[in-house]
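Worksheet for the structure shown next.
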2 protein chains.
Amino acid sequence: MEVYIEPLAKLIAAFTKLPGVGQRTALRYAYAIINMHKEDAAEFALAIEEAKEQIHYCSVCGNFTVNDPCDICSSRESKAICVVKEPKDVLAIEKLREYKGVYHVLHGALSPLDGVGPDDIRIKELLGRVADGSVEEVILATNSDVEGEATAIYISKLLKPLGIRVTRIAQGLPMGAELEFADDVTISRALSDRKEI
Amino acid sequence: MEVYIEPLAKLIAAFTKLPGVGQRTALRYAYAIINMHKEDAAEFALAIEEAKEQIHYCSVCGNFTVNDPCDICSSRESKAICVVKEPKDVLAIEKLREYKGVYHVLHGALSPLDGVGPDDIRIKELLGRVADGSVEEVILATNSDVEGEATAIYISKLLKPLGIRVTRIAQGLPMGAELEFADDVTISRALSDRKEI
């Protein structure tokens, strides 16, 4: 649309690269930038540059980090490793402030249909971390979808022969859910994984 | 939330300054930035800086522009001036490629309840533009809400004594609308503004 002046068109194009942002939303964001104080806009641009420059993957756990190894890897005992799919899953667990172990980010999940095999995600790195025998438990916290399940089963089969305790996060009804509206698989899991109260 | 590493927290804070963007969306956007190619992220940051640096208001019409006066003001005859509330309204009309006159962006609408009076929007500047008698028509294309209507009526009362033709964009059923679901005011307007076919 050549009705936009060039810097506006460029800014709109930049915003449409964000997930779920179309032309209309990009235009709204662009107007917000133009109406911002000069310092706020400069800060915004700087935040993008700095995030891109400073944030790397931890060479140990694969999570986002500024320092390598990351703050979690370098400050906690690694007797338990919690295996997740994405860096944002680490945040989801860290928010609870309950888990005191370390993490291992796979950066993906096994999905033969999409051509994602064991070598495409960080499984080898996980095996390397448990090789010295110091790890007592590996908690598989991959998603409870088909790929996440397959990934958990695959990893557990590799680790169990090594004598490591391998656990999987519980599945069942989410808090506040009504049985009536839960899907069959969830109800079935919740039933079979029932426990004494 | 101190669970975020600092550059990520800063980036999230920057994104939450955009309209309608909360923590979750900001986090999604931040991840998109981190996963971008380095060049794309640099381009993004540059687009923000350049837009903020290069885009100004046209001293004549008040629209966004890189050059002053803007391309529209400097390339078209100003026999007709279309008065709108915001720069984005100019884009909405320009997209049609039908209107060949110039614009006047008020940057607001009269709203006594919000403390916005005639001196707070660019009405004086409009009077200045029509003072030399070269303008033949002023088209009031403010919104058809209460503020937009009040603004249009206020301006028309100022301009009519000067012998300028003052018009208001038509109101009625929008294209594709069903009479049944239109509000009373719209139906009433549509009826009273009916024309021969």
Side-chain angles (χ1 to χ4, degrees), chain A residues 1-15 17-21 25 27-57 63-67 70-71 86-88 90-97, chain B residues 1-15 17-21 25 27-57 63-67 70-71 86-88 90-97:
Chain A
M1 287 216 265
E2 75 241 49
V3 290
Y4 298 125
I5 51 177
E6 202 214 341
L8 182 58
K10 272 190 185 168
L11 189 54
I12 291 172
F15 275 121
K17 282 182 190 152
L18 297 175
V21 177
T25 309
L27 183 58
R28 259 178 78 211
Y29 291 167
Y31 280 128
I33 296 284
I34 295 169
N35 289 324
M36 264 181 192
H37 286 290
K38 211 180 162 73
E39 304 81 57
D40 285 342
E43 215 169 84
F44 200 136
L46 190 69
I48 291 175
E49 279 176 338
E50 285 191 347
K52 193 63 200 166
E53 245 164 56
Q54 299 176 3
I55 299 177
H56 308 280
Y57 294 126
N63 191 15
F64 291 141
T65 182
V66 176
N67 311 310
C70 73
D71 294 349
E86 307 270 8
K88 56 186 152 194
V90 173
L91 288 178
I93 296 175
E94 281 297 290
K95 270 196 299 195
L96 310 176
R97 302 180 183 284
Chain B
M1 291 216 264
E2 74 242 52
V3 289
Y4 298 124
I5 50 177
E6 202 213 343
L8 183 57
K10 274 190 186 169
L11 189 54
I12 292 171
F15 274 122
K17 283 182 189 152
L18 296 177
V21 176
T25 310
L27 182 58
R28 259 177 78 212
Y29 291 168
Y31 280 128
I33 295 285
I34 295 169
N35 289 324
M36 264 182 194
H37 285 291
K38 213 180 160 73
E39 305 81 54
D40 286 343
E43 215 169 84
F44 201 137
L46 191 68
I48 290 174
E49 280 176 337
E50 286 192 344
K52 193 62 201 168
E53 244 165 55
Q54 298 176 5
I55 299 177
H56 308 279
Y57 295 127
N63 192 14
F64 291 141
T65 182
V66 176
N67 311 309
C70 73
D71 295 349
E86 308 270 9
K88 57 186 150 194
V90 172
L91 288 178
I93 296 175
E94 280 298 290
K95 270 196 297 195
L96 309 177
R97 301 180 186 283

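Letters A, B, ... are given to chains in the order of the sequence lines, protein chains preceding strands, and every chain is numbered from 1.
- For the pair A:Lys52 (side chain) and B:Asp40 (backbone), a donor-acceptor distance under 3.5 Å is absent.
- Note on A:Glu49, A:Arg28, A:Glu6: by heavy-atom pairs under 4.5 Å with chain B, the leading option is A:Arg28.
- Only the side chain of B:Val21 comes within contact range of chain A, with at least one heavy atom under 4.5 Å from a heavy atom of that chain.
- Across every non-hydrogen atom of A:Ile48 and B:Ile48, the tightest pair is CD1-CD1, 3.7 Å.
- To the nearest 0.5 Å, the span separating CD1 on B:Ile55 from CD1 on A:Ile33 amounts to 10.5 Å.
- Nearest approach of B:Leu11 to A:Ala51, heavy atoms of both residues: CD2-CB, 3.6 Å.
- A search for side chain to side chain donor-acceptor pair (under 3.5 Å) contacts involving A:Glu94 returns A:Arg76, A:Tyr103, not counting sequence neighbours.
- With a threshold of 4.5 angstrom between heavy atoms, B:Leu46 does not approach chain A through any atom at all.
- Taking chain A as the reference chain and counting heavy-atom pairs below 4.5 Å, the highest number among B:Asn67, B:Asn35, B:Thr25 is found for B:Asn35.
- In terms of non-hydrogen atom pairs under 4.5 Å with chain A, the most contact-rich of B:Pro87, B:Ala41, B:Pro19 is B:Pro19.
- Heavy-atom pairs under 4.5 Å with chain B were tallied for A:Glu53, A:Met36, A:Glu43, A:Lys17; the largest tally goes to A:Met36.
- Between chain B and the options A:Lys10, A:Lys88, A:Glu50, heavy-atom pairs under 4.5 Å are most frequent for A:Lys88.
- With contacts defined as side-chain heavy-atom distances shorter than 4.5 Å, the pair B:Leu27/A:Leu91 qualifies.
- If you take CZ on B:Phe64 and CD1 on A:Ile34, they are separated by 4.5 Å, rounding to the nearest 0.5 Å.
- Heavy atoms of B:Tyr31 lying under 4.5 Å from chain A belong exclusively to its side chain.
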